Structure formats: C-alpha cells, structure tokens
> 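This is the structure, below, for whatever I ask next.
Since the model is a prediction, treat every value here as computed from it, not as a measurement. The chains referred to below are lettered A, B, ... by the order of the sequence lines, with proteins before strands, and numbering in each begins at 1. Computation of the quantities below employed the complete heavy-atom set of this structure, encompassing side-chain atoms and omitting hydrogens, waters and symmetry-equivalent molecules.
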2 protein chains.
Amino acid sequence: MEMTERKKRILRAIVESYIATAEPVGSKAVAQLAGLDVSSATIRNEMADLTEMGLLEQPHTSAGRIPSATGYRLYVNELMGEHQLSMQETQRINDALEMKIEELDRVIDRAGKVLSKISDYPVFSMTEVKDIVTVRRYDLLMVEENAFIAVVMTDTSVVKNKIIRIPDGLSEPQLQMLSTILNSSFTGLSREQMAQALEKMADHSTPGAFRLISMVVEFAIEVLGELRRQTVHTAGITQLLEHPEYKSLDKAKPLMRFLSDDETAQLPIPFDGSQNMNILIGPENVNEAFRDTSVVMASYDIGDNMRGVIGVVGPTRMDYAKVTARLSYFADSLTRMFGKGELPPPASKDDFEA
Amino acid sequence: MEMTERKKRILRAIVESYIATAEPVGSKAVAQLAGLDVSSATIRNEMADLTEMGLLEQPHTSAGRIPSATGYRLYVNELMGEHQLSMQETQRINDALEMKIEELDRVIDRAGKVLSKISDYPVFSMTEVKDIVTVRRYDLLMVEENAFIAVVMTDTSVVKNKIIRIPDGLSEPQLQMLSTILNSSFTGLSREQMAQALEKMADHSTPGAFRLISMVVEFAIEVLGELRRQTVHTAGITQLLEHPEYKSLDKAKPLMRFLSDDETAQLPIPFDGSQNMNILIGPENVNEAFRDTSVVMASYDIGDNMRGVIGVVGPTRMDYAKVTARLSYFADSLTRMFGKGELPPPASKDDFEA
DNA sequence: TTTAGCACTCGGGGAAACGGAGTGCTAAAC
DNA sequence: GTTTAGCACTCCGTTTCCCCGAGTGCTAAA
C-alpha cells in the first residue's frame, strides 16, 4: 500500500488534532480538519488503510484513531510544519536567559527551569566534558597568619578557590615557594598524574611542606573531578501531571520517580551527537519508564571543551513542532551565551568557608 | 469536660493508628490498641466525648474517628513519645551529610534532597542573612595581557572570584594600584554605600581606571546581593504522591504547584525564631495550599551570620514523632557541620568563565 | 459506670442498564 | 474504480441501583 498525498494529509490532521485534544479522532472530525472535500465514509476507508500500515491505532473498536509511534515518527520526519516562534516567545526566552553571574552548574539548573516553564513539560539537562581538563595555574593569597586562599585555574578557564587553614602559620616567602612548586610540578596533568606526582613527592620533601602541597593539590584534583563529573539536573517534574495521559497516577509515578532520581541514576538517555536535535518517540526509548513517553533533546556547546544536552520529556502526544522550535532556539541561545557571546557569559563565581 | 488520663490514652492510640494506616479508627480497634481493659462500648462513649471536645472527627456517621487538627496539636504537645533514632538512621544521616567541598547554595540543596529521602516527604529549605555583609578584601591576579581574576572576600569569609577581561591590557603596577584603591575605598561598606562611593569616584578619576574599578566593585555588589538574597530550595516534591491523602490529584496538585514554584514565590512560611523546632498543623498554616498539610521546620546556624531553615511538608497525618526526631538531629548536624565543626565544612569553591 | 445488644446510617463496590460515538460493511451513485 | 449514504453492531464511560459491612448511638441490664 502506498502513501498517497491524501493519506498524509489525513495522518497529519489526526496527529495534530490528537496533540491538541488528547481525544481519539473520528472520521467525521478528520473530514473537516483535513480540508479534503470528501465524505467521512471515504476518510474511514483511508483510515482503515493507515491503521493497516501501522501508522494509526484504535484504542478499541468503536473509538476514533490515535497515532502510533511510527505515525508520530512519520509526522515528525515529513509532515510537521516549521513552528515559528513569535516575537514574544523569543523575547521571553532571551529575558529568561539573562542571568546574573552564576556558576556553571547553577546556570544549567536555571536554564532547565526556564525551559520547563516555557515548554510546559519536565526538562532534564546534563553536561559532559569532551577532553581531559588540567590545571593551568595556581595562585595563593595570604589571608591571615594561619590561612590562605588557593586559587586554581584550569586550561578551560574555570577558576575555583578554597580557603586553606594551616595551624602552624606561614610566611610570605614560604607561600611564594609553595606557589612555585605547585606551578612547576602540578600543572598540565591529569588527575591520575597529579596523584602520582604527589605520591612521588612525598618521599623527598619535608613533612610540613608536603602537607601544604597535598592540601592544595587535593583540592585541585577535586575541582577537576567535579568538572568531569557528568551532572544531571531535572526541573518541572510536576508539570507531567498537567497532561491528561498522566492523570492516572499509575502512569505518572514510575516516570516521576525516575526523573526525581537525579544525581543517583545517571539518566541513561543516549544522545546521538551527530545531530543537534534528537527525538525519541515512545518505544524508541530503551528505558522502561519512557515507553509511553517522548523525549526531545538538543545539545549546545559550553566553551570549547564541554557540551551540554538539554531535553524535554512529555507524552508521545507532544506538540513536536512547538517543542522542537523552542528547544532549538533555546539551545542556540545557550551556545551563544556560553560562547564569546553577545549574551553575558556565566561569569566566574564564588565560594564559601564558614 | 475534662481531659482524663484514659481519654489521653485513647486519643494517642487513635492518632498513632491513624498515622500508621491512614484509615479511620473504630472503637473496637482502639479497645485493643490503647491497652485499656475495657469494652468497645466504653471506648465509644469516650470517643464521643473526644469528638465533642473537638479532638476527633468523623468522616461520616458510620466510620471510625480520625484526629482533628487540635487533636494532632495535643498529641504533638503532650502525648507524643520521644522517637529514638536507631544507629542506622544516625549513620545514614551522617553519611549523607559527608559532603565534598561545595558551595553553600549547593550544600543546602543537597541537604534538602537527603532529608527528603530520609523522611519520605518533600522538603524545603531556605537561608537568610542575619546582618549586613561587607567586603573585607580584594585580590587581583593577572592572568594574561588582557584579563585578570578578581577575588573578593567578605567579612563572613565567603570568597568569590571572577575573570575580568580588559580590551586595553594592563601592567602589573597598574593592577597593584587598582588593588590598593579597591582595598582602601571599597571595603567594609554596604551595597548602597559602595554604589555611592563608586558614583562619587566617577568624577575625579580617569575614565580608564574608573571602568576597571567599577567592574570589580559591581561584581562585589553582586556577590553581596547574592549572599543576602533569601533562597528557597525544594526537594522530593514527588514524594507527596506516595501518601494516600494525595492520591487524588486534585489534592496533590495545588500543593505541588506551590512547592515547585521555588525561586519565584518565596515560601511565605513564617518561622518562629524563638524556638528551634516549629510545627504547623493543617489549618494552623496561613497559606491556602497548606490547609490539609503539616509542616515541621527546624533552624540551624551557618557560621555566625547566617541562619538556615529546613522543613518537612506532609499530610496532617504525619509521623510527627519520627519526623521531629530526624529533623532535629539533622539540623544539629548541619549546625555542627557549618560550625568550626568536626564534619568537614562546606569549603570554598569555584567559578567559571567561558 | 460499664457492658451487651440492637437498630440504624452511610459509604464503597459490584452488577446491570443506558446512551452515544464511531466503526465496518454493503449497496447504490457517480 | 471511487465515493457516498445507510445501517447494524461494538464497546466504552456513565449512571443507577442494590447490597454489604463496619461502626455508631442508644437503651436497658449488670
């Protein structure tokens, strides 16, 4: 059976009606919506064909049709129109992304919340580091007799600092010396290499000096570790409940539980890096909890060495056109923002020591 | 009508049974549970009294009784036994709080998640600054020709940094000079005073120097602003759905919506600072969304100048004994952790610049 | 004051009945 | 060959009804 133009129009009408109303679509309704000047009986025949082709499904004998996963897939690939963002929408996104100086992690978090609000669906976001990050340089700042601030800067220009307390006190020249050692022996190394170098140093240096060095180096190792750690954030999980397919709690709970479990369960959602936008429809998701759920993801760049993925989670009956449009604009904005960018970059930040 | 000892035992039995099962409690069940050697008929009489006194309620004529808000209140104030934490529980809390160096805000966030997991209820947490925070000192570190790192340390020993780019380049002595000006004229001031001082300086200094100064000072102002801003985090909102009173979505949604709305709606939950532990039962909550909900909150200290409040949200049928025990241990641990503390303090951290 | 006995109330749950939307098929019309 | 009108049929969601049982409140006896 071949896919005539008319069948496509009918499929499209059904998908879009179902997206809008969440109700199975009957032949009569299609007759109107598709703008084809034929009777409902004709439509019925076509719909029977489409069902046979696996593009539509019937919840039960005497209900209208709903799109199947493959039906959605065809729609997304071929039928879906470009959704134009209104000025208001782009404005809204831009405003929302106008963030104050914040730390990377928090920017990601905020971005997720914003997107979730914009899209009316839950959102997850994660980051990953492309290559190995190393320390480019150390700076040590005396604070008082028995404390100094260690400032660590990576080759990706991330700067972190920590107050280090030393019971015994330390003179300015000693600090200078320490700084020299750190900058000469503990830069440009991977975490493992740093640990090794530290171990080696343990033998031929005074215990006092070694303790100081190791405190700073360990901090540096943690910083690098933190950067490499793939973090997952989720936002707006509650929004699921606003959609009728999740009004039976049995449907909603497994998914919500899965999404809430950030940190712990790394979201095992594969992202195909060869494309900027990934769409997974229903059973295309490997994960059990996502069987009746679609995921639309986009990636963006964070500087040169990191990549972020941000995705929208919703029922298969998702407004793909709208979501992809918004998401892709959103991801582009993030890339721009993190780039040399017009938008203020997520500048440096912070620290705390009680 | 007076509150006899027997009435108390009956009330207690009802509260605890209802907490455990979420089912109205009948006279027969009470007869067994309360350990009083009387018949159900006697209990019935007593229960009628308790109902008249407003301590119990009847969902409908021929159901058992459930505690009213005042019933819970009496229970919490007088009847509730001390719940002992098991070794496992304290262990679990301690383990969970063993956090890596992290920024304050994130520690709070994590703590909320942990507590939520431990208590099976949603948790919110917020921080507030007691007094005004000022900048204690500035350090400027040359990175390259046209960029330096500004390190700002507050009188509460919070350290934050930011990379500042300068198109024109800068020499080491110039940087030195800049640092001197900042440390002499922009320390110990409130945000408003800093803004004023900056304005005043605009007139009698060269435009180039002024631009640099203002970039650093504006950063400092942001840092102070960020510290003072009262932030609210929530965690584990989904857990609500695990409790039978919220299995009808109509009940759950308003509350969940309210809780998800962190950032935006500052949680308007009053905390009585004269006590470490606050319990608000059902209608005692001013807020509409919390009418059928109880909140148990505890405060803890973050260093000398800040205070945090962390609270558990659940149905009025909450296991108050368990929750208060865990919460108070939790809050104590946090205080200890943020204090000079045995547990590692949330050390300094961080920064990012693309 | 406590207890046994008993009639009464009321909500929850299951069975049965109803209505309506939508289908698939057939036969006629184009 | 394709489209259309007509019609019997299916099946779901809803409503109605009825029954059951848990629990009460009252009365009268212990």
> Got a salt bridge between B/Arg9 and B/Glu46, using NZ or NE/NH1/NH2 to carboxylate O under 4.0 Å?
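Looking at B/Arg9 and B/Glu46, the cut-off is not met.
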> Using salt bridge (Lys or Arg N to Asp or Glu O under 4.0 Å) as the criterion, list what pairs up with B/Arg92, not counting sequence neighbours.
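Result, salt bridge (Lys or Arg N to Asp or Glu O under 4.0 Å) vs B/Arg92: none returned.
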> Of all nucleotides in DNA chain D with an atom under 4.0 Å from a non-hydrogen atom of chain B, which is the first and which the last going 5' to 3'?
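Extent of the interface on DNA chain D: D/dA22 to D/dG25.
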> Distances for protein N/O vs nucleotides 8-13 of chain C N/O pairs under 3.5 angstrom?
residue, atom, partner, partner atom, Å
C/dT9, O2, B/Ser62, OG, 3.1
C/dC10, OP1, B/Thr61, OG1, 3.4
C/dC10, O2, B/Ser62, OG, 3.2

> Give me the residues of residues 38-51 of chain B where at least one heavy atom lies under 4.0 Å from an atom of DNA chain C, by number, or none.
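The stretch gives B/Val38, B/Ser39, B/Ala41, B/Thr42, B/Arg44, B/Asn45 as the residues lying under 4.0 Å from the strand, ordered by number.
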> Tell me the closest heavy-atom pair linking A/Thr238 and B/Ser260, and the distance in Å.
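The answer is OG1-OG, 3.1 Å.
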> Given a 3.5 Å cut-off on both pairing distances, which stems involving DNA chain D, each at least three consecutive Watson-Crick or G-U pairs, are present, if any?
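The stems are C:1-30 with D:1-30.
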> Just do the side chain to side chain contact (heavy atoms under 4.5 Å, CB included) check on B/Glu78 and B/Met3 with the steps written out, would you?
CA-CA 12 Å; B/Glu78 299 186 31; B/Met3 194 66 195; over 6 Å; no
> Measure the acute angle between the ring planes of A/Tyr121 and A/His243, then classify it against the limits of 30° and 60° as parallel, tilted or perpendicular.
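Judged by the thresholds at 30° and 60°, the geometry between A/Tyr121 and A/His243 is parallel.
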> Does a side-chain N or O from B/Arg6 land closer than 4.0 Å to OP1 or OP2 of C/dT2, or not?
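Yes, within the criterion.
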> Give a yes-or-no answer on whether the side chains of A/Thr293 and A/Tyr246 include a donor-acceptor pair shorter than 3.5 Å.
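Present: a donor and an acceptor within the cut-off.
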> Can you give each donor-acceptor pair under 3.5 Å made by side-chain atoms of residues 56-63 of chain A, sequence neighbours left out, with the distance rounded to 0.1 Å?
residue, atom, partner, partner atom, Å
A/Gln58, NE2, A/Thr61, O, 3.0

> Hey, mind stepping through B/Met53 and B/Leu74 against side chain to side chain contact (heavy atoms under 4.5 Å, CB included) and telling me if it holds?
CA-CA 12 Å; B/Met53 293 161 78; B/Leu74 186 77; over 6 Å; no
